[in-house]
Amino acid sequence: MQVAIDGPASAGKSTVAKIVANKLSFVYIDTGAMYRACTLIARDHDLEYGNEKGILAAIDKDGIKLEPGEKGQKVIVAGKDVSLEIRTPEITAHVSEVSALPGVRAKMVDLQRQLAGSTNVIMDGRDIGTTVLPKADVKIFLVASARSRAERRMLDWQEKGIEAKQSLEEIEADISKRDYLDSHREISPLKKADDAIEIDSTHMTIDQVVDAILTEIKKKQKKS
């Protein structure tokens, strides 16, 4: 079974996807982390974030791997665990630019499909239900208000020990800007698949969102 969870930045996709995957013993793949890893590679190689050719060569050199860890999925770049480093404000500020590059997108989509293989998988991102896994058995489109997403991002940084150099209002503005960039890019823009189920998590707890997604998966399993 393939489950696709899409939605804008900081809507809680990764958090709930990890929990659902754990409850069902499915493989979890965080595609957003892969694009963040590409952005980190660009920075570490002193490349402009729009330098597609240079970034692709650097990705081939360093490599990106996803590995299971005690606290969830680990992201490995050039043999180093960068799971926390890819979540810093600097990477967050530039990931939309890098993920919009057609060559980078094509390379990551190919890798994502390879990872999905023929196993039970839950994959979250921006274009999973529309591009990466268009035949996914269950498609969820998770949304939330920009303000609630900004609050979640600030809390996430605090929990990870990452210093927030922006006010809540500035984070909210950045999230709104990223929403626009992600939904207006030419290649695989963020949009709800026609057959996706929309869940607004603005006033929901994590457990409530998890239960809503599990309900949809169980419905599909009964029909199969």
Side-chain angles (χ1 to χ4, degrees), residues 2-40 64-77 81-89 91-93 95-96 98-99 108-109 111-112 115-116 120-129 132-133 136 138-146 148-162 171 174-175 178-179 182 190 192 196-202 204-214 216-217:
Q2 293 182 339
V3 179
I5 302 180
D6 290 305
S10 296
K13 301 183 299 296
S14 297
T15 299
V16 298
K18 280 184 248 183
I19 296 172
V20 172
N22 186 55
K23 285 180 177 290
L24 298 174
S25 296
F26 280 20
V27 172
Y28 165 62
I29 300 172
D30 179 358
T31 64
M34 296 168 72
Y35 289 108
R36 286 175 173 273
C38 294
T39 309
L40 180 71
I64 298 172
K65 293 181 180 179
L66 302 181
E67 297 180 356
E70 291 183 8
K71 296 183 179 180
Q73 183 177 262
K74 293 194 298 183
V75 182
I76 309 298
V77 169
D81 185 350
V82 297
S83 305
L84 283 179
E85 200 171 354
I86 62 172
R87 303 292 173 183
T88 58
I91 300 304
T92 298
V95 65
S96 284
V98 174
S99 65
M108 290 302 104
V109 168
L111 180 55
Q112 289 154 15
L115 290 170
N120 291 322
V121 66
I122 292 184
M123 191 179 289
D124 75 272
R126 304 285 190 282
D127 62 344
I128 310 307
V132 183
L133 302 176
V138 177
K139 298 178 184 179
I140 303 293
F141 196 75
L142 191 60
V143 299
S145 70
S148 69
R149 286 184 283 143
E151 291 170 348
R152 290 171 189 172
R153 176 168 289 173
M154 182 168 274
L155 180 61
D156 185 52
W157 284 345
Q158 290 172 350
E159 290 176 344
K160 288 182 168 69
I162 298 171
I171 295 172
D174 281 350
I175 282 176
R178 186 170 178 194
D179 287 349
D182 287 345
L190 166 67
K192 178 184 172 185
I197 297 148
E198 183 170 315
I199 298 175
D200 188 336
S201 67
T202 302
M204 297 174 71
T205 65
I206 291 172
D207 287 342
Q208 287 172 331
V209 178
V210 167
D211 287 343
I213 294 173
L214 285 171
E216 297 301 329
I217 293 172

Report summary line: Exactly one candidate in I64, T92, T88, V98 meets side chain to side chain contact (heavy atoms under 4.5 Å, CB included) with R36; the answer is T92
With no hydrogens and no angle check, do the side chains of [X] and [Y] hold a donor and an acceptor under 3.5 Å apart?
X	Y	result
D200	T202	yes
S96	R178	yes
D124	Y28	yes

[atom2] on [Y] to [atom1] on [X], rounded to 0.5 Å:
X	Y	atom1	atom2	answer
I91	L40	CD1	CG	5.0 Å
D174	R149	CG	CZ	12.0 Å
M154	S10	CE	OG	11.5 Å
K160	E85	NZ	CD	14.0 Å
L142	K192	CG	NZ	12.0 Å
K18	S14	NZ	OG	6.0 Å

Report task. Report yes or no: does D6 contribute a side-chain atom to a donor-acceptor pair with the main-chain N or O of F141 at less than 3.5 Å? Result -> no
Query raised in the report: Can you check whether K65's main-chain N or O pairs, donor with acceptor, with K74's side chain at less than 3.5 Å?
Result: no
Report task. Could you check V138 against I122 for side-chain contact (heavy atoms from CB on, under 4.5 Å), going step by step and ending with a plain yes or no? Result -> CA-CA 9 Å; V138 177; I122 292 184; over 6 Å; no
Looking at [X] and [Y], what are the two nearest heavy atoms and their distance?
X	Y	result
K13	P8	NZ-O, 2.8 Å
G125	T31	CA-OG1, 3.2 Å
V209	S201	CG2-CB, 3.7 Å
D179	A9	OD1-N, 4.1 Å
R126	G7	CD-O, 3.4 Å
A4	I128	CB-CG2, 3.5 Å

Report task. Given side-chain contact (heavy atoms from CB on, under 4.5 Å), test K23 with I213 step by step and report yes or no. Result -> CA-CA 11 Å; K23 285 180 177 290; I213 294 173; over 6 Å; no
Considering only heavy atoms from C-beta outward, does the side chain of [X] approach that of [Y] to under 4.5 Å?
X	Y	value
M204	V16	no
I29	V121	yes
I76	V82	no
P89	I162	yes

**Report entry** Evaluation steps, side-chain contact (heavy atoms from CB on, under 4.5 Å), between N120 and L24
**Finding:** CA-CA 9 Å; N120 291 322; L24 298 174; over 6 Å; no
Requested in this report: Could you walk me through whether R87 and R153 pass side-chain contact (heavy atoms from CB on, under 4.5 Å), step by step?
Outcome: CA-CA 10 Å; R87 303 292 173 183; R153 176 168 289 173; over 6 Å; no
Query raised in the report: Going through the checks in order, is the side-chain hydrogen bond (donor to acceptor under 3.5 Å, both in side chains) test met by S83 and D81?
Result: CA-CA 6 Å; S83 305; D81 185 350; 2.6 Å; yes
Query raised in the report: Hey, is CD1 on I206 packed in by over 12 heavy atoms from elsewhere, all under 6.0 Å?
Result: no
